[in-house]
Visitor: 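The structure that follows is given in the form of structure tokens.
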Amino acid sequence: NNINQQINKLSVLQEFMKVAGEEESVDDKLNKFLECALDNTQVFILDSQKSVSLQLEELVSKLKLNYVTIACGYCFESGLSLLKNIIDRTIYAGLPFDLYVGSLQGYDEARPDNIITGIDKQTVKKLNEFLEQENFSLYTCNSRFYHGKLFLFEGDNETIICIGSSNVSKSAFIVNYELNVVFKTMTNSDLYLKIKSWLEELKRHSTKLTHLEE
């Protein structure tokens with residue numbers, strides 16, 4: 001059974017790496033990744049025929065949350081509303097919540113049209129509401145458009161990491177055909193620490209936003 005589980009994990013990771021576009025030296029990158037990913041870590045793909053947000057909430061419901069980080073290319077109020085239970089347990093409960101949004105790139109640059117693409121007024125209002133909470137931080141990367149999709153839910157003992165194709169939107173969570181891989185690992189595992197290190201690198205290249213002009 002253990003051998004079959006490892007084979008299944010290898011197959012999932014190989015397919016994920018290919019889909020993610022890591023065509024050059026896939027085997028080398030996969031081997032390095034496996035060194036940390038398979039140690040006390042469960043790996044599985046979310047059901048593409050079910051709501052992504054509901055599956056995430058089900059996974060997170062079993063954690064005593066300490067910290068949430070979401071990094072996505074696009075974020076809409078329609079998606080945030082579907083994460084209401086998680087948001088209530090974190091942002092409105094005083095727990096740290098970091099949100100990186102690629103489509104806010106260049107929001108504070110002087111432009112004659114004052115138009116920000118990839119966002120709507122309802123979303124801006126919701127993000128400004130979150131920004132009133134001291135524990136909520138909003139970032140965007142101005143130097144390069146951030147297009148990744150990462151959901152990191154840190155608990156006391158276990159951490160849920162979801163990497164895939166879903167932005168924070170109703171379309172991504174319910175309508176579209178999405179591919180998302182989940183890693184359920186121990187908090188402070190090698191995989192967890194590598195993801196945290198990667199996020200620190202993203203933060204160094206990002207701008208912290210304190211208010212959005214509606």
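Values reported hereafter were calculated over all heavy atoms of this structure, with side chains retained and with hydrogens, waters and symmetry mates removed.
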Visitor: Kindly indicate whether the side chain of Thr187, heavy atoms from C-beta on, has any atom under 4.5 Å from the side chain of Thr159.
Guide: yes

Visitor: Any side-chain heavy-atom pair from Ile195 and Leu193 closer than 4.5 angstrom?
Guide: no

Visitor: Keeping the roles fixed (side chain from Lys149, backbone from His147), state whether a donor-acceptor pair exists under 3.5 Å.
Guide: yes

Visitor: Taking Ile86's backbone N and O only, do any of them form a donor-acceptor pair with Thr90's side chain (distance below 3.5 Å, no angle check)?
Guide: yes

Visitor: How close do Ile174 and Ser51 get, counting heavy atoms only, and between which atoms?
Guide: CG1-OG, 4.2 Å

Visitor: Quick check: closest heavy atoms across Asn66 and Gly155, and the distance to 0.1 Å?
Guide: ND2-C, 3.4 Å

Visitor: Roughly how far apart are Ile70 CD1 and Ser166 OG, rounded to 0.5 Å?
Guide: 11.5 Å

Visitor: Please check if Leu95 and Leu131 belong to a single hydrophobic cluster, counting links between Ile, Leu, Val, Met, Phe, Trp and Tyr side chain heavy atoms closer than 4.5 Å.
Guide: yes

Visitor: Is the shortest side-chain heavy-atom distance between Leu191 and Ile161 below 4.5 Å?
Guide: yes

Visitor: Side chains of Phe153 and Leu63: closer than 4.5 Å at any heavy-atom pair?
Guide: yes

Visitor: Considering all heavy atoms of both residues, which atom of Ser53 and which atom of Leu83 are nearest to each other, and what is their separation?
Guide: CB-CD2, 4.1 Å

Visitor: So, Glu178 and Asn176: side-chain donor and acceptor under 3.5 Å apart, yes or no?
Guide: yes

Visitor: Using side-chain heavy atoms (C-beta onward) and a distance below 4.5 Å, is Leu104 in contact with Leu138?
Guide: yes

Visitor: Taking Arg89 for its side chain and Lys84 for its backbone only, find out whether a donor-acceptor pair lies under 3.5 Å.
Guide: no

Visitor: Could you check if a side-chain atom of Ile87 sits within less than 4.5 angstrom of a side-chain atom of Tyr92, using non-hydrogen atoms only?
Guide: yes

Visitor: Which atom names give the shortest non-hydrogen contact between Phe145 and Gly73, and what distance separates them?
Guide: CZ-O, 3.9 Å

Visitor: Any sub-3.5 Å donor-acceptor pair from Asn167's side-chain atoms to Cys72's backbone N or O?
Guide: no

Visitor: List the atom of Ala172, the atom of Val52, and the distance in Å for their closest heavy-atom pair.
Guide: O-CG2, 3.9 Å

Visitor: Checking Ser197 against Glu201 for the side chain to side chain contact (heavy atoms under 4.5 Å, CB included) test, could you report, in this order, the C-alpha distance in whole Å, the side-chain angles of both residues, the deciding distance, and whether it holds?
Guide: CA-CA 6 Å; Ser197 176; Glu201 180 71 14; over 6 Å; no

Visitor: Applying the 4.5 Å side-chain criterion to the ILVMFWY set and letting contacts propagate, would Phe173 and Phe44 be lumped into a single cluster?
Guide: yes

Visitor: Knowing that exactly one of Tyr139, Phe97, Tyr100, Phe151 qualifies, which makes a side-chain contact (heavy atoms from CB on, under 4.5 Å) with Thr69?
Guide: Tyr100

Visitor: Is there a donor-acceptor pair under 3.5 Å between the side chain of Ser165 and the backbone N or O of Leu179?
Guide: yes

Visitor: Would you check, one step at a time, whether the test side-chain hydrogen bond (donor to acceptor under 3.5 Å, both in side chains) holds for Asn85 with Glu57?
Guide: CA-CA 7 Å; Asn85 291 337; Glu57 288 202 341; 3.1 Å; yes

Visitor: Stepwise, does the side chain to side chain contact (heavy atoms under 4.5 Å, CB included) test hold for Ile163 with Val181?
Guide: CA-CA 5 Å; Ile163 303 173; Val181 178; 5.6 Å; no

Visitor: What distance do Glu214 atom CD and Asp120 atom CG have between them, rounded to the nearest 0.5 Å?
Guide: 11.0 Å

Visitor: Is there a donor-acceptor pair under 3.5 Å between the side chain of Gln55 and the backbone N or O of Lys50?
Guide: yes

Visitor: Among pairs that include at least one residue of residues 128-147, which meet salt bridge (charged side-chain N to carboxylate O under 4.0 Å, His left out), considering only residues two or more places apart or in two chains?
Guide: Lys126-Glu129

Visitor: Take atom NZ in Lys170; do more than 12 heavy atoms of anything else shown fall under 6.0 Å from it?
Guide: no

Visitor: Quick one: do Tyr67 and Val60 end up in the same hydrophobic cluster if we chain Ile, Leu, Val, Met, Phe, Trp and Tyr together by side-chain heavy atoms under 4.5 Å apart?
Guide: no

Visitor: Take Gln105 and Cys141, measure what side chain to side chain contact (heavy atoms under 4.5 Å, CB included) needs, and give me the verdict at the end.
Guide: CA-CA 6 Å; Gln105 184 183 45; Cys141 182; 5.8 Å; no

Visitor: Treat each ILVMFWY residue as a node, draw an edge where side-chain heavy atoms are under 4.5 Å apart, and state whether Leu54 and Leu82 are in one component.
Guide: no

Visitor: OG1/Thr41 to CZ/Phe183 distance, rounded to the nearest 0.5 angstrom?
Guide: 8.5 Å

Visitor: Would you check if Val43 and Val182 make a side-chain contact, meaning some heavy-atom pair closer than 4.5 Å?
Guide: no

Visitor: Take Leu99 and Leu127 through the side chain to side chain contact (heavy atoms under 4.5 Å, CB included) test and state the conclusion after the steps.
Guide: CA-CA 10 Å; Leu99 176 63; Leu127 292 177; 3.6 Å; yes

Visitor: Check side-chain hydrogen bond (donor to acceptor under 3.5 Å, both in side chains) between Tyr192 and all other residues, then give those that pass, not counting sequence neighbours.
Guide: Glu154

Visitor: Should the pair Asp190-Lys194 be classified as a salt bridge under the 4.0 Å nitrogen-to-oxygen rule?
Guide: no

Visitor: If only atom types and distance count, is the side chain of Thr123 paired as donor or acceptor with the main-chain N or O of Ile119 below 3.5 Å?
Guide: no

Visitor: So which heavy atom on Gly79 is nearest to which on Val168, and how close?
Guide: C-CG1, 3.6 Å

Visitor: In Å, rounded to the nearest 0.5 Å, how long is the span from NZ of Lys184 to OG of Ser189?
Guide: 13.0 Å

Visitor: Flag the pair Lys196 / Leu152 as yes when at least one side-chain heavy-atom distance between them is below 4.5 Å, and no otherwise.
Guide: yes

Visitor: Strictly distance-based, threshold 3.5 Å: is any side-chain N or O of Glu158 a donor or acceptor partner for the main-chain N or O of Thr185?
Guide: no

